[in-house]
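Notes follow the structure.
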Amino acid sequence: MLSSTESLPRQIRFDGAHNFRDLGGYPLGCGGSFTPGRIYRSDHLGRLTDADRQRLSALGIATVVDLRRASERAENPDLLMGTGINEIWLPVEAEGADVINIRREVEAGRVDAQAASEFLIEANRLFVTRFARVYSEFLHLLLQPQSLPLVFHCSAGKDRAGYAAALTLLVAGASKHHVMADYLATNLCNQEHRRALMAGLPESAGVETTRQALNVLMQVEERYLTAAFTEIDTGYLDASDYMSRALGFDADKQARLKALLTHSGI
């Protein structure tokens with residue numbers, strides 16, 4: 001077991017993905033840690049190079065779960081050819097999580113920083129309620145050993161994937177502190193990508209406002225995931241009760257997944 005979390009998040013460098021990381025290493029309440037090399041999270045895989053596909057094969061990835069809507073997949077389909085990886089589509093079609101289209105609205109000057117933030121807060125609430133079925137399917141998929149190692153992603157790898165990561169870490173027994181630390185790590189992992197986006201904006205009278213909105217859109221804040229947690233706390237006893245009642249993922253299934261994802265350190 002890791003004695004500290006200084007090495008987290010375990011980001012893995014890809015030429016065509018900037019937010020790919022291993023969920024392994026986070027300490028769990030049982031005294032163990034989240035097993036490395038089982039579950040990965042990422043931004044979309046639509047710009048992978050040949051070398052990137054070799055990295056995926058080296059990691060032994062068996063399954064890719066794509067949380068994007070159909071239009072996002074059509075624009076940037078995952079480039080998995082020749083890998084033999086099984087791809088599963090579980091679309092989370094929350095408007096506020098559609099980063100690509102909202103980014104276009106930001107760049108056109110039609111969405112400012114406050115509106116971008118409000119989109120993301122509402123999206124996190126909807127993950128809990130409207131898209132419970134999708135996240136139920138996701139957790140049930142993790143219970144299938146043949147599906148692992150598995151990587152899940154959305155477009156930027158921060159909102160839809162961020163909530164999926166939170167559920168996965170919670171069911172394994174991670175504290176909300178470490179769940180939030182993983183969530184916020186996106187801001188470190190994608191900072192070079194954000195700088196490149198900012199640098200690519202054409203100079204204009206309103207470019208500074210656009211930069212501010214784009215910076216908000218491409219980052220995560222504690223209050224976004226907190227909105228999801230608050231939604232859970234409002235309707236359920238705790239996260240375990242939410243998983244049992246809303247996701248059909250009862251205590252037995254939670255215990256089985258926890259065992260599958262726990263590294264005892266022995």
Side-chain angles (χ1 to χ4, degrees), residues 1 5 8-9 23-35 38-41 63 65 67 88 90-97 120-145 147-148 150 152-154 157-186 220-264:
M1 184 181 70
T5 57
L8 302 175
L23 284 185
Y26 286 103
L28 305 177
C30 62
S33 61
F34 197 105
T35 303
R38 291 275 177 87
I39 311 289
Y40 301 86
R41 56 175 294 177
T63 307
V65 177
L67 301 171
I88 295 176
L90 297 178
V92 179
E93 298 181 320
E95 292 292 338
L120 296 171
I121 289 171
E122 180 60 18
N124 274 271
R125 294 191 184 109
L126 292 176
F127 297 157
V128 176
T129 55
R130 185 178 301 173
F131 298 101
R133 180 192 59 78
V134 178
Y135 286 105
S136 171
E137 290 184 41
F138 171 73
L139 287 181
H140 281 90
L141 183 63
L142 299 186
L143 269 180
Q144 303 172 22
S147 296
L148 307 180
L150 174 150
F152 59 90
H153 73 84
C154 50
K158 66 186 189 72
D159 301 305
R160 290 163 289 189
Y163 183 64
L167 289 178
T168 305
L169 288 167
L170 285 172
V171 77
S175 68
K176 280 191 176 180
H177 169 77
H178 288 115
V179 170
M180 189 63 73
D182 177 74
Y183 181 74
L184 295 174
T186 279
V220 292
E221 295 183 27
E222 185 171 338
R223 60 190 175 128
Y224 302 162
L225 186 58
T226 296
F229 288 160
T230 300
E231 195 72 27
I232 290 172
D233 292 341
T234 299
Y236 304 90
L237 297 175
D238 53 24
S240 178
D241 183 49
Y242 163 72
M243 291 182 204
S244 294
R245 292 168 53 200
L247 307 187
F249 204 74
D250 62 25
D252 176 68
K253 292 174 181 177
Q254 292 174 42
R256 285 162 50 202
L257 184 54
K258 182 175 183 178
L260 192 62
L261 299 178
T262 298
H263 175 59
S264 66

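- Within the 4.5 Å cutoff, side-chain heavy atoms of Val179 are placed close to those of Phe229.
- A 6.0 Å sphere centred on CZ of Arg130 holds no more than 12 heavy atoms belonging to other residues, nucleotides or ligands.
- Here the straight-line distance linking atom OG1 of Thr262 with atom CZ of Arg38 works out to 9.5 Å at 0.5 Å rounding.
- Heavy-atom minimum distance, Asp238 versus Ile232: O-CG2, 4.0 Å.
- Across all their heavy atoms, Ala251 and Ser244 have their closest contact at N-OG, 3.8 Å.
- The minimum heavy-atom distance between Ala132 and Ala246, with the atom names listed, is CB-O, 4.0 Å.
- Taking OH of Tyr26 as the start and CG of Leu169 as the end, the distance is 7.0 Å to the nearest 0.5 Å.
- For Thr35 (side chain) and Leu261 (main-chain N/O), a donor-acceptor pair under 3.5 Å exists by modelled atom type.
- The closest side-chain heavy-atom distance from Val220 to Leu225 is not below 4.5 Å.
- In terms of modelled atom types and a separation under 3.5 Å, the side chain of Lys253 and the main chain of Gly248 share a donor-acceptor contact.
- Residues Ile39 and Phe152 form a side-chain contact, since some pair of their non-hydrogen atoms from C-beta on lies under 4.5 Å apart.
- Summarising the geometry, atom CG belonging to Leu148 is positioned 10.5 Å from atom OH belonging to Tyr40; distances are rounded to the nearest 0.5 Å.
- Separation of atoms CG (Asn124) and OG1 (Thr226) is listed at 9.0 Å; rounding is to 0.5 Å.
- Two residues are said to be in side-chain contact when any heavy atoms from C-beta on lie closer than 4.5 Å; Leu260 and Leu142 fail this criterion.
- Leu67 is listed as a side-chain neighbour of Val65, based on a closest heavy-atom distance under 4.5 Å.
- Side-chain N or O atoms of Arg41 include one that pairs as donor or acceptor with a backbone N or O of Gly157 at under 3.5 Å.
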Candidate pair Phe127 and Asp159, rule side chain to side chain contact (heavy atoms under 4.5 Å, CB included), full reasoning:
CA-CA 9 Å; Phe127 297 157; Asp159 301 305; 4.2 Å; yes

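- More than 12 heavy atoms of other residues, nucleotides or ligands shown are found within 6.0 angstrom of CZ on Arg256.
- In this structure, the side chain of Gln254 engages the main chain of Ser240 through a donor-acceptor pair within 3.5 Å.
- Counting heavy atoms from C-beta on, the side chains of Leu167 and Phe249 never come closer than 4.5 Å.
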Requested in this report: Quick one: do Leu120 and Lys158 satisfy side chain to side chain contact (heavy atoms under 4.5 Å, CB included)? Show the steps, please.
Outcome: CA-CA 10 Å; Leu120 296 171; Lys158 66 186 189 72; 3.9 Å; yes

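- Leu170 has its side chain within reach of Lys176: a pair of non-hydrogen atoms, C-beta onward, lies under 4.5 Å apart.
- Taking OH from Tyr135 and OG1 from Thr168, the interatomic distance works out to 10.0 Å, rounded to the nearest 0.5 Å.
- Note that CZ of Arg160 is 12.5 Å distant from CG of Leu126, once rounded to the nearest 0.5 Å.
- Between the side chain of Tyr242 and the backbone N or O of Val128 there is at least one donor-acceptor pair closer than 3.5 Å.
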